[in-house]
Structures are given as structure tokens and as C-alpha cells.
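Have a look at the structure below, then the notes.
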Amino acid sequence: MGENIRFHFDVDGDDFSSAGAASVEVKKQLRKLGFSPDVIRRVAIAMYEGEINMVIHADGGTVDVEVGDEDITMILSDRGPGIADVEKAMQEGFSTARDNIRSLGFGAGMGLPNMKKYTDDMKIETALGLGTTVIMKVNV
Amino acid sequence: MVTLDKLAHEMGLTHVCGDTDREICGCYAGDLLSWVMSHAEYGHVWITIMSNINVIAVAGLTEVACVVLAEGVQLDPDAREAAEKQNVCVFTSPLSTYELCTLAGKYINE
Ligand SMILES: Nc1ncnc2c1ncn2[C@@H]1O[C@H](COP(=O)(O)OP(=O)(O)O)[C@@H](O)[C@H]1O
Ligand SMILES: [Mg+2]
């Protein structure tokens, strides 16, 4: 088959209003490429949660999406504080988000669980003080 | 199924922006965006008291048929701009979330 299609986005650290722009764009592109609504929804929601996490917890980062024949891979990378206890962070309801974030409707501690739920594979690489990379795959 | 047009009329909603020419197949009420992303679905009416711009992103990603702002909450100006740009349908209502849910339940045959 042909070469894989790739997208790259920079996610601004302190800009809540543009958070989600990358997910919205990827969603649009996947629709153009003819993917099923279910695949598009799962990619878009997982990616949005990841984007929001980079804005809330890591002062921004980058998103790379690769559309292959068998799966769609999303790589979200930041140079934030890292995650001290990944197992704990993956628990539903666990959140270190501050109250001003909660008042926006985020910080429910359901982001990472949602990302796991909506993808077929998810890996977190993180180091304290260095940053976090989340790699997610959705089978098509 | 009921159309959004008809439902909005029956529920006495005030239209803010977006297309109302859609079919409604369910309803979800909630303010925590991750929960909404996990449970709200295509063609649902989403009832919330959140009115910031992230609500519009979530509505677009989940493809709910519309957002209904309860309790007289008004859409933030930048959120309205985003809603118009992304053609996300938004209504407002003075009713509480509970009242809106019971009303919606009358007209939606799930
Ligand atoms: N990119 C990240 N960098 C640093 N910490 C993160 C990152 N993503 C998630 N976390 C940590 O994991 C916790 C749980 O994340 P999540 O499930 O998305 O919930 P929430 O974002 O609502 O707090 C966060 O509160 C935060 O402590
Ligand atoms: Mg989160």
C-alpha cells in the first residue's frame, strides 16, 4: 500500500481555548479519508484527552499522528513534570488538577482511563522532571 | 425519533446557533467533560451548566446533536464564536437540568 499519512501539531501550553484544535483537525481529515464513525470517535476523544492533559499538566507539547493500513498511531509528547505513579494516575477519579481547572469541567480524573478505553493499545513513557510520552493505537 | 426542531419547540428552548435539522436518539446530562466524552453519543441532546469554549470542542468531538445550557446559563462569547464556526447547535433554557431531562424524556423514544 501507499505511504502512511502523517500529521504534526504543536499544542500551546497555556491556551485552553485552542486546546482540542489538533483533535478537531484530525477528526476532519479522518472523515475525508473515509474511516468509520467509530474509529474517528475513538481517535478524536483519546487524542483530545491527551491534548488537554498536556495543556493542564505539562505546559503543552506535540502531537504526531500516523495513519497506517492497520492502525492509527498517536504520539503525544511533552517536557512537563512527568508522572510520579503511572498506575495511580490511570485510576478513575485520580487527579492532581487544581480548582481553576475543575471549574472548566476538566480534572475529573477520567482522561487517562478514557484514553485507555478508546484505544486498542496505550503506552506511557514518563520520567520525573523530563516529560511524558503517550503512545496510543486504534486499529482500523 | 424526534427531530431537534420539534424537540426544541416542545421543550421551549431558546436557539443560540447551529443547525436544528437533526434527529435525536437520546439525552445525556453532565458537566464533567471526560464523563461526557465517555457517555454522550451521536444524536444525543447534551444538557449542561458549563458554558466555556471547551464545551464546544467536546460537542463537536462527540457529535451530540446539540448542547442545552440549563439554569439560564449563557454561552461565553468566544464559545459562541467557536460554535458558529464549527456549526455546533446550542440552546439555552431557564429550566434546571432535572426539569430539562424529564421534559426531554417525554419526547425522545429511545
Ligand atoms: N502529560 C502529563 N504530564 C504530567 N502529568 C500528567 C500528564 N497526564 C496526566 N498526568 C497526571 O495524571 C493524572 C490523571 O490524568 P487524567 O486521568 O487525565 O485526569 P485529569 O487530567 O482529569 O487530572 C493527572 O491529574 C496528572 O497528575
Ligand atoms: Mg486529563
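Everything numeric in this text was worked out from a predicted model, so none of it was measured. Naming convention: chains lettered A, B, ... in sequence-line order (proteins, then strands); numbering from 1 in each chain.
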Consider only side-chain heavy atoms of I, L, V, M, F, W and Y, link residues closer than 4.5 Å, and tell whether [X] and [Y] are in one cluster.
| X | Y | answer |
| --- | --- | --- |
| B:Met50 | B:Ile56 | yes |
| A:Ile52 | A:Phe94 | no |
| B:Tyr98 | B:Ile49 | no |
| B:Tyr42 | B:Val36 | no |
| B:Ile53 | A:Phe9 | no |

Q.
Is it true that, when you exclude A:Lys116 itself, more than 12 heavy atoms of the residues, nucleotides or ligands shown sit nearer than 6.0 Å to its NZ?
A.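 Not more than 12 within 6.0 Å, no.
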(message) Other residues, nucleotides and ligands only: do more than 12 of their heavy atoms fall within 6.0 Å of NE2 on B:His9?
(response)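 Atom NE2 in B:His9 is not packed in, count stays at 12 or less.
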So, do [X] and [Y] sit near enough that their side-chain heavy atoms are less than 4.5 Å apart?
| X | Y | value |
| --- | --- | --- |
| A:Met110 | B:Leu32 | no |
| B:Asn54 | A:Tyr48 | yes |
| A:Arg41 | B:Glu41 | yes |

Closest non-hydrogen atoms of A:Asn114 and B:Ser34, given as atom of the first, atom of the second and distance, are ND2-O, 2.8 Å
Exercise for the section: Mind listing the closest non-hydrogen atom pair of A:Ser23 and B:Leu61 along with its distance? Expected result: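 Closest heavy-atom pair between A:Ser23 and B:Leu61: CB-CD2, 4.1 Å.
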With a 4.5 angstrom heavy-atom cut-off, could you sort out which part of [X] is near chain A: side chain, backbone, both or neither?
| X | value |
| --- | --- |
| B:Met37 | both |
| B:Ser51 | neither |
| B:Leu33 | both |
| B:Asp31 | backbone |

